[in-house]
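All remarks here apply to the structure that follows.
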Amino acid sequence: MSDSLFGILIGAMVVNNFTLYYFLGLCPFMGVSGRIATAVRMGMANIFVLTLTSISAWILNNFVLPHAPFLRVISFIVVIASLVQIVEMAIKKLSPTLFRQLGIFLPLITTNCAILGLAIFQTNKAYGFFEGLFYAIGAGLGLTLALVLMASIREETDRADVPRIARGMALVLIIAGSLSLAFMGFAGLLSSA
Amino acid sequence: MSDPTRSETLFRGVWRENPVMIHMLGLCPALAVTNTVMNSIAMGMATLFVLTGSSLLVSTFKRFIPHEVRITTYILIIATFVTIVDMSLAAWTPGLHKALGAYIALIVVNCMILGRQEAYASKQSVGRALLDALGTGFGFIIALVMMGAVREILGSGSFLGVSLFGDNFEPWLVMVLPPGGFLALGFWLLGLNWWTQRRERRAAEGAA
């Protein structure tokens, strides 16, 4: 609880990056990181859902779950799933192009581990309302950062002459490994992280 | 597609359509908790249980689940089984429960489990769904152990906690850290691609 809000934000964004450190949200990370524009939009959608998740997790933690702790996983997932459904309908209505681009990964945003992961980590760390909010925004920015970095690299490797055996996912994973190594360099940034 | 035999249904998910190595599903636990073989096996068994249980329920009740809310229903069923696993592990093996941490609760959002419900269990008979779930679950365990073995042997010089190389071994520490997960899976895929392409080339040469 001694962390400053800014420390929480930076910690979630780069030091313990959700994708590269906790392996959360890998489906969109692998699936829609082909183009930078799509990656940015997916990241934005994630920031939005993560923020909503953080708020609803806080409400659940404070008013519902003390009476029924065994419902934790179920209530988190149901609340989050309905939220995501709303976002999905909104995107479908507002931007059919984006809806087509994100394809199968939009329904699967419900099963995006990052969303549930955030709710659980936030609970385990006993964050208050604003701490949770900053944690969510940091995590979302971190996801977006990882997605955009990955997309930028993949746009380059698309034109490169890659050995046949490394085409596709193998290359993506090894790039992700290198990114993750690079992000480990941030570990010394915050003593509390 | 003609009707596949029972054994085809069972073994489809084990290797030829392995959820992790071929379809890239369920990557989150496959990368996060595979720093030792023991953790990999535990995570694999937990996932197998959840997958089998939910496939059974979904295929049994498929006629009563309205199409519009099917995803929510599947997730509720999966979450129920995850809660069972979570509490059982906490009660019986607290150490393991601590090592797997939040990733047990995160089985709920394993795309592989939801994917099998949507693609298979919701359309097939109970027996078929059970076979499919067992096959996919075992495929998942195999993939996790493949990852865990590489990472534990290289990263801590042991297998299932038994030291392999004696005192002079300098552990490749990065393999047990997060980047090692990405690298280990990447190298496995490189190896598998090399093997598949070599086999295809051989087959082509044989045919020519």
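Chain naming here is simple, since letters A, B, ... match the order of the sequence lines and numbering starts at 1 in each.
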**Message:** Are more than 12 heavy atoms, taken from residues, nucleotides or ligands other than F130(A), located less than 6.0 Å from that residue's CZ atom?
**Reply:** no
**Message:** At a heavy-atom distance under 4.5 Å, which candidate from P179(B), A102(B), G180(B) has the highest pair count against chain A?
**Reply:** P179(B)
**Complete:** If one checks every heavy atom of T80(B) against chain A at 4.5 Å, the contacting part turns out to be both
**Prompt:** So, F182(B) versus F23(A), ring centres under 6.0 angstrom or not?
**Reply:** yes
**Nearest heavy atoms of L116(A) and A105(B), plus distance in Å** = CD2-O, 3.7 Å
**Request:** For residues 146-159 of chain B, pull every pair meeting side-chain hydrogen bond (donor to acceptor under 3.5 Å, both in side chains), keeping only residues two or more places apart or in separate chains.
**Result:** T34(B)-R151(B), E152(B)-S158(B)
Side chains of residues 40-53 of chain B: which donor-acceptor pairs under 3.5 Å do they make with residues two or more places apart or in other chains?
| from | atom 1 | to | atom 2 | distance (Å) |
| --- | --- | --- | --- | --- |
| S40(B) | OG | T36(B) | O | 2.8 |
| S40(B) | OG | L144(B) | O | 3.4 |
| T47(B) | OG1 | M43(B) | O | 2.7 |
| T52(B) | OG1 | L48(B) | O | 2.5 |

**Message:** Can you confirm whether F134(A) is buried at CZ, in the sense that more than 12 heavy atoms of other residues, nucleotides or ligands lie under 6.0 Å from that atom?
**Reply:** no
**Prompt:** Which distance, rounded to the nearest 0.5 Å, do you find between the CG of N193(B) and the CG of L171(A)?
**Reply:** 11.0 Å
**Asked** Picking from L189(B), V174(B), D86(B), which has the most non-hydrogen pairs under 4.5 angstrom with chain A?
**Response** L189(B)
**Asked** Is chain B contacted by the side chain of I120(A), its backbone, both, or neither, given a heavy-atom distance below 4.5 Å?
**Response** side chain
**Prompt:** In Å and rounded to the nearest 0.5 Å, what is the OG1 to CZ distance from T83(B) to R72(A)?
**Reply:** 9.5 Å
**Fill in**
Here the gap from L177(B) atom CG to Y21(A) atom OH, rounded to the nearest 0.5 Å, amounts to 7.5 Å
**Asked** For L183(B) and G177(A), which heavy atoms make the closest approach, and how far apart are they?
**Response** CD2-CA, 4.0 Å
**Asked** If you count heavy-atom pairs under 4.5 Å with chain A, which of P178(B), A79(B), G186(B) comes out on top?
**Response** P178(B)
**Message:** Given heavy-atom pairs under 4.5 angstrom as the criterion, report whether the side chain, backbone, both or neither of T19(A) touches chain B.
**Reply:** backbone
**Fill in**
So CG of L173(A) and CZ of F187(B): to nearest 0.5 Å the spacing works out to 10.5 Å
**Any donor-acceptor pair under 3.5 Å from Y103(B) side chain to Y22(A) backbone** = yes
**Prompt:** What distance do L20(A) atom CG and L31(B) atom CG have between them, rounded to the nearest 0.5 Å?
**Reply:** 11.0 Å
**Item:** Given I78(B), T72(B), I75(B), the one that forms side chain to side chain contact (heavy atoms under 4.5 Å, CB included) with I77(A)
**Value:** I75(B)
**Contact check, side chains of L106(B) and L24(A), non-hydrogen atoms, under 4.5 Å** = yes
**Prompt:** Rounded to the nearest 0.5 Å, what separation is found between the CE atom of M169(A) and the CE atom of M21(B)?
**Reply:** 14.0 Å
**Fill in**
On a heavy-atom basis, the closest approach of R164(A) and Q197(B) is O-NE2, 3.4 Å
**Asked** Could you go step by step and tell me if I115(A) and V109(B) meet the side-chain contact (heavy atoms from CB on, under 4.5 Å) rule?
**Response** CA-CA 9 Å; I115(A) 311 289; V109(B) 286; over 6 Å; no
**Prompt:** So do the side chains of L192(B) and I165(A) get within less than 4.5 Å of each other, counting heavy atoms only?
**Reply:** no
